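Read the structure below first, then the notes.
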Amino acid sequence: MAKAPADGDRAVRVRMAPSPTGPLHIGTARTSLYNYLFARHLGGTYVLRVEDTDAARGSDEFERDIIDNLHWLGINWDEGPQVAGGEDIGPYGPYRQSQRLELYAAEAERLLASGQAFGCYCTPEELEAMRREQEARKEPPHYNGRCRSLTDAERDAFLSEGRRAAIRFRVPDETVVFDDLIRGRVEIAAEALGGDRVIVRSDGSPLYHFVVVVDDAAMHITHVIRGEDHLSNTPLHVLLFRALGHEVPVFAHIPLILNPDRSKMSKRRSQTAISAYREDGYLPEAMVNFLAFLGWSPGTEEEIFTLDELANRFEIEHVHKAGAVFDKDRLDYLNGVYIRSLTDEQLAVRLRRFVSDALDDRGLVAVIPLIKERMVRLADARELVAFLIETDAEVADRYGPDELVPAKADAAGTAAALARARDEIADLAPDDFSTGELEARCRRAAEAIGWKAGDFFKPIRIGITGRSVSPPLFGSMELLGKDRCLARLDAALAKLATVVAA
RNA sequence: GCCGCAUUCGUCUAGAGGCCUAGGACACCGCCCUCUCAAGGCGGAGAUCACCGGUUCGAAUCCGGUAUGCGGUACCA
């Protein structure tokens, strides 16, 4: 079961910090999942914090999408907002950064007071010009320290020009070393950070790298599990934790999810919104199973796991180091596995919102045995059951007379065969209008005229369903009912007659 | 450019010095089953473990270098 936290008796606390600047992204979902599994495996606490400091790009709609889809996946949290715009729960709230501004201001003030940060009066235009010069000189772009040690007179001069100060963190000159649960020891020279970094804009709003550290410290986060794209930012974070006088958490940088061309998965090249997969009819169980295995493996050959089983088995040390291409084929396969594992009744509930109400609940449950193993996604059911919903005329409009004719037959022969089938079916008593009886009669009829069963069934299938590919024929006929079957076969016969006559 | 991380079948991965003539899954191919399509069963092909050098009796596994890929390099998150 749960083993002791890796770093002694400190209770594990992890967090997921999505930014509501877009719908829940596949990568964010997996990072959330890994955090969740890590916390549950160790009996720790899972915190959700909304990083909504970017008011211009963020929206309540996206926050709702993120929270809703996280819930849909089965990922729940112990602290944080429970519903979008709703009450937070937990002792370290509020859990939305837009409501924590006083804390950030106070922490920035502390850094200023201790001399670990300073006011910088350079304008964005000046900084841009400086960067361009450095680039022209083939130097790595970096802040040149112009405002590092301003005299009072210089400061007053800037102020009287109407300039407002941004706050910069004084980056010490050293090599930062930190341990990563997945990658081991990482060393990065602080020089690579490009000089003293702005932590509060000149308009007073704090920057991501600052608030993330302030909040992780304030919320007593012990393990920061996040995407590999944050690895290079980590030295800055370590330095800030130390400057603020807080314990540095343990880091774990998980590999990225990749487009087929191995670039970081993006909206441009892949479907990235979890909600889109949900609308296509992927099951959350399949999604979770798939995401968990994208970069992690239990080390055995088992591959089907529930969320709880994953939480039991998950070990962060076994997370793979390299990026993983999102393999849609594998997701499709897993989804099929999960669909087939449901009972007909369970499947009917999941399918309800994907299938028109023209097919009632009873009808839906009844057709499931015919379509269950033919679905990859729940949305596939729409096409699979369409023959039950479409009118006879709509079905007839789907095909031309030639399509009814099997490869080795002609129109006249097909018309005769189909007429024979029609008579057999018409002859059935209502009580005998069943899958078994239908099949037996049609097989006998095929044999009687010397046709292969497959050839004989082809025009029936197309006449009944309007399609050359369909769920099992006789089961479909039973569900359709005798009258509609006969009407559709008559329509097919009428079509054939037009080409036989010609 | 600079900094960092990575590199086992097409893809996801197993692999923690001898159990590896490298295992599994998806995809692919073939056969079987079969009313179409699926599902299922059986089988096949597919990786000189990026490359080069070391360490070792022995390396996919340890070390160094190279190459390639990716990520980062903001008063974005």
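First the proteins, then the strands, lettered A, B, ... as listed; each starts at 1. Keep in mind the model is a prediction, meaning the values are calculated, not measured.
B:rU7 and B:rC51 have their P atoms separated by 14 Å, with the value rounded to a whole Å. Comparing B:rU36 with B:rU21, their C1' atoms are spaced 44 Å from each other, to the whole Å. Rounded to whole Å, the C1' atom of B:rU8 lies 10 Å from the corresponding atom of B:rA14. A distance of about 47 Å separates the P atoms of B:rA45 and B:rC3, rounded to the whole Å. Taking atom P in both B:rA25 and B:rG40, the straight-line distance is 13 Å, to the nearest Å. Nucleotides B:rU48 and B:rU11 place their P atoms 12 Å apart, quoted to the nearest Å. Nucleotides B:rC49 and B:rC9 have their C1' atoms positioned 10 Å apart, rounded to a whole Å. Only the P atoms considered, B:rG23 is 31 Å distant from B:rU68, to the nearest whole Å.
Nucleotide B:rU66: paired with B:rA50 (Watson-Crick or G-U wobble, both distances less than 3.5 Å). Across all strands shown, nothing is found opposite B:rU61 as a Watson-Crick or G-U wobble partner with both distances under 3.5 Å. Judged by Watson-Crick or G-U wobble contacts below 3.5 Å, the nucleotide B:rG43 has B:rC29 as its partner. Look at B:rC9: it lacks any Watson-Crick or wobble partner with both distances under 3.5 angstrom. Pairing for B:rG1 is with B:rU73, a Watson-Crick or G-U wobble pair whose two hydrogen-bonding atom distances lie under 3.5 Å. Base pairing of B:rU34: no nucleotide in any strand meets the Watson-Crick or G-U wobble criterion (both distances under 3.5 Å). Judged by Watson-Crick or G-U wobble contacts below 3.5 Å, the nucleotide B:rG17 has no partner.
Counting any heavy atom pair closer than 4.0 Å across all strands shown, A:Ser202 reaches a base atom. Here A:Asp327 lies in heavy-atom contact (under 4.0 Å) with a base. Across all strands, A:Gly295 comes closer than 4.0 Å only to sugar-phosphate atoms, never to a base (heavy-atom distances). Using a 4.0 Å heavy-atom cutoff across all strands shown, A:His253 reaches no nucleic acid atom at all. Residue contacts shown for A:Ile199 are absent, as no nucleic acid heavy atom lies under 4.0 Å away. Base engagement by A:Pro471 is indicated by at least one non-hydrogen atom pair under 4.0 Å involving a base atom. Within 4.0 Å of A:Leu473, counting heavy atoms only, lies at least one base atom of the nucleic acid. Note on A:Ser470: a base of the nucleic acid sits closer than 4.0 angstrom, heavy atoms only.
Mapping A:Val198 and A:Phe326 onto RNA chain B by nearest heavy atom places A:Phe326 at the nucleotide closer to the 5' end. Nearest-nucleotide positions on RNA chain B for A:Lys458 and A:Glu303 put A:Glu303 closer to the 5' end.
One atom, CG of A:Leu236, and another, C1' of B:rA74, lie 12 Å apart when rounded to the nearest Å.
Between A:Arg330 and B:rG24, a side-chain N or O to OP1/OP2 separation shorter than 4.0 Å is absent. Under 4.0 angstrom from either OP1 or OP2 of B:rC76 there lies at least one side-chain N or O belonging to A:Arg201. Close to B:rC26, at under 4.0 Å from its OP1 or OP2, lies a side-chain N or O of A:Tyr333. Taking 4.0 angstrom as the limit, A:Arg183 places none of its side-chain polar atoms (N or O) nearer than this to OP1 or OP2 of B:rG4.
A:Asp332 and A:Tyr282 share a donor-acceptor pair across their side chains, judged by distance under 3.5 Å alone.
Ring orientation note: the planes of A:Tyr121 and A:Phe158 are close to parallel, at an angle under 30° on the 30°/60° scale.
Within the 6.0 Å centre-distance limit, the rings of A:Phe326 and A:Phe290 are counted as a close aromatic pair. Between A:Phe118 and A:Phe169, the distance from one ring center to the other does not fall under 6.0 angstrom.
With respect to A:Arg137 and A:Glu133, a salt bridge is recorded, a charged nitrogen being found less than 4.0 Å from a carboxylate O. Between A:Glu126 and A:Arg163 there is a salt bridge, since a side-chain N of the basic residue sits under 4.0 Å from a carboxylate O of the acidic one.
A heavy-atom distance below 4.5 Å is found between the side chains of A:Lys264 and A:Asp229.
With hydrogens and angles ignored, a donor-acceptor pair closer than 3.5 Å exists between the side chain of A:His318 and the base of B:rA16.
When the nucleotides B:rC5, B:rG72, B:rC70 are ranked by their closest atom to the side chain of A:Leu231, B:rC5 comes out on top.
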